[in-house]
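Heads up, the thing below is written out as C-alpha cells.
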Protein chains: 2
Amino acid sequence: MKNLHIQIDINSALYSKNPNSSELGRKIINKSIELIYEIGFEAFTFKKLGALIQSPESSIYRYFDNKHTLLLYLTSWYWTWVEYQMVFVTTNVVSAHERLKKSIEILTKPVVEDNEISYVNEVLLSEIIFSESIKGYHTKSVDEENKKGCFKAYKRVVRRVSEIVSEIDEDFKYPHMLISTVIEGAHHQKYFTEHLPALTDVSNEEDSITQFYTKLVFNFLPREKT
Amino acid sequence: MKNLHIQIDINSALYSKNPNSSELGRKIINKSIELIYEIGFEAFTFKKLGALIQSPESSIYRYFDNKHTLLLYLTSWYWTWVEYQMVFVTTNVVSAHERLKKSIEILTKPVVEDNEISYVNEVLLSEIIFSESIKGYHTKSVDEENKKGCFKAYKRVVRRVSEIVSEIDEDFKYPHMLISTVIEGAHHQKYFTEHLPALTDVSNEEDSITQFYTKLVFNFLPREKT
DNA sequence: CATTAACGATAGTAATACTATTATAATTGC
DNA sequence: GCAATTATAATAGTATTACTATCGTTAATG
C-alpha cells in the first residue's frame, strides 16, 4: 500500500516553481518539515532553512513566496496523501458503515509509519499538520486564497467522508459539520494530551481519541441493517 | 444580569503592569480589541496600537511583554467572563440536563450584546477568540506558560461543564474531551461558515451550530428521568 | 556549441520587535 | 504644600525578519 509511488499533485497557486521538479525543491520540502517540526512555525524562517540546506534564502524564494505559502503547500500535500490512503482503504468495501469507520480511523489515528521512499516524512508532517496547519487558514488572506483553490485538498477529504455519512442517512443535516468537527477535534485532542491535559481525558488506552470520535459519529447515525 | 460590575481577575503572569489599574491600561485593552478585530493578530503591532491610542509603543511594553502575552490576557479575560455567565445562568437550576443545555448554549451561541459598561467590547472580543485564540496556545512556549497558569480560566470553564456531564453519567469516560470538542468545534464552525463554507453546513437557521453541538453532547448521555 | 534556465553569492531595504535613556507630568506620602 | 515617587511621552537605537535585486557561474537542453 505504501509503495505505490503515487504522484501528489498540488495546486500551482501554492508555489512559484514546483518543488517536486528539482533536487533543491525536494530538499526544501524535506528539510522544512524537519525544521518546522523542531522549532515551530513562528520561529521558522527561510534564512534558517537556507542555512540547513546550505543554500541562500533567495533560492528558496524562487520556490515559495513566503513561509505561509509553504505551510499551505505542506498542508495540501498532507490532505492529498490522506485522501489516497482513504480511497485505498475504502475501495471495494460494500458496507458504508465500514467505510465510514475506516475513514474515521485514518482521520484520527496517529501516523506512525514513514514510507521512506518519497522525500516527505509523513510522520513528522502529520505532527506539523496537527499543531500548525490551523495557522494556514486563520489569516486575513483566507478568502482570497480560498478562491485560488488553496484549500481544495482538505475540502475534498471532508466532502468524501461526508458523502459516506449521507449515504447512511440522507436526511442528516450536518454531515460536513460532523466530519470537520472530527478532524479538527482529533488534532486538538492530540495536542491537548501532550500540552494541556486538563482539556482532555488522557488514558492508558492508545486509541481513546479514535474510539471517542467513532462513537461521536455513529451516535448520530442509524445502525447498520443486518 | 449584565450590569453586575463584576471584577475580572487575571493571572498576574499575563501582564507586567495590570492594565486594569490605569486609564492608559484600559485604553490599551479597549483599543487592542478593536485593532486586532480589524486587521488580525498577525498584522497587529504595538506600534500601530500606539498610533491609535496616541501613546508610544514603549508605554505599551510597560503593560505587556509582547503581543502574544496580550492575546493570552484577552483570552483569559474572555473565559473568566464566560464563566461568570455560566455560573449565573445555571445557579439554582436543579436539573443537570438543563444546566448542561444552558452551558452549551453559552459556549456555542454568538455573543451579541455588549454591556457597554466595562471598557471591554465583548462582542468584538468573542470574535477575536473564535478566530485568533488558538494562536495563543499553539506555540512552542505553551508548556512553560501552562505551568505559570496562563490557561487556567479556559481550563476552569471546561472543568465546570465536564462536571455537569459527569453528574449525569459518572461512568462516561471522556467528559473533558467532549466539552473541549464542543468549544473548539463551535469556534471552527463559525469561522468556516464565514470563510470556508465547504467545511460546514451553512443553513438559514440561526442556531444550527448550537443545535448540532447540543445533540452531539446529549447523544452520549442517558435521557433525563422524569 | 549556443542558449537558456537554475543556482549561489552578495548586498540592500523596510518593517518588526523590541530596549534604553531622559525629560516631563501626575500622584502620593508626610 | 513640597518632596519623593511613579507614570508617561519623546526619542533613539539595535537585532532580526521578510523580503527584493543584481550578477556571475554552473548545469541542462536543443
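To find a chain, count down the sequence lines: A is the first, B the second, and so on, and within it residues start at 1. Hydrogens, waters and symmetry mates play no part in the numbers below; they use all other heavy atoms, side chains included.
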With side chain to side chain donor-acceptor pair (under 3.5 Å) as the test, would you mind laying out the steps for T181(B) and Y213(A) before giving the verdict? CA-CA 10 Å; T181(B) 296; Y213(A) 285 104; 2.7 Å; yes

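- Summarising the geometry, the separation between NZ on K67(A) and C1' on dT17(D) is reported as 9 Å, rounded to the nearest angstrom.
- As rounded to whole Å, 14 Å separates atom C1' of dA7(D) from atom NZ of K27(B).
- Within a 6.0 Å radius of NZ in K152(A), no more than 12 heavy atoms belonging to other residues, nucleotides or ligands are found.
- The local environment of OH in Y37(B) is sparse, with at most 12 non-hydrogen atoms from other residues, nucleotides or ligands closer than 6.0 Å.
- For L71(A) against G136(A), the heavy-atom pair with the smallest separation is CD2-N, 3.8 Å.
- For I60(B) and dA7(D), the CD1 to P distance is 17 Å, given to the nearest whole Å.
- Atom OH of Y61(A) and atom P of dT17(D) are 11 Å apart (whole Å).
- The separation between L49(B) atom CG and dA15(C) atom P is 19 Å, rounded to whole Å.
- The residues R160(B) and E83(B) are annotated as salt-bridged, a charged nitrogen and a carboxylate oxygen being separated by less than 4.0 angstrom.
- For the pair K135(A) and E132(A), the salt-bridge criterion is met [side-chain N within less than 4.0 Å of a carboxylate O].
- For DNA chain C, no neighbouring residue in residues 30-47 of chain A is found when judged by any heavy atom under 4.0 Å.
- Checking Q189(A) against S180(B) by side-chain atom types alone, a donor-acceptor pair falls below 3.5 Å.
- Look at CZ on F64(A): it is 15 Å from P on dT20(D), rounded to the nearest Å.
- Looking at Y119(A) and N20(A), their side chains do bring a donor and an acceptor atom within 3.5 Å of each other.
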B/S/- along nucleotides 7-12 of chain C (protein heavy atoms under 4.0 Å) is BBBB--

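- Regarding K48(B), its NZ atom lies at a distance of 17 Å from the P atom of dA14(C), rounded to whole Å.
- Counted within 6.0 Å of NZ on K47(A), heavy atoms from surrounding residues, nucleotides or ligands total 12 or fewer; the atom is thus considered open.
- Rounded to whole Å, atom P of dT6(D) lies 17 Å from atom CG of N18(B).
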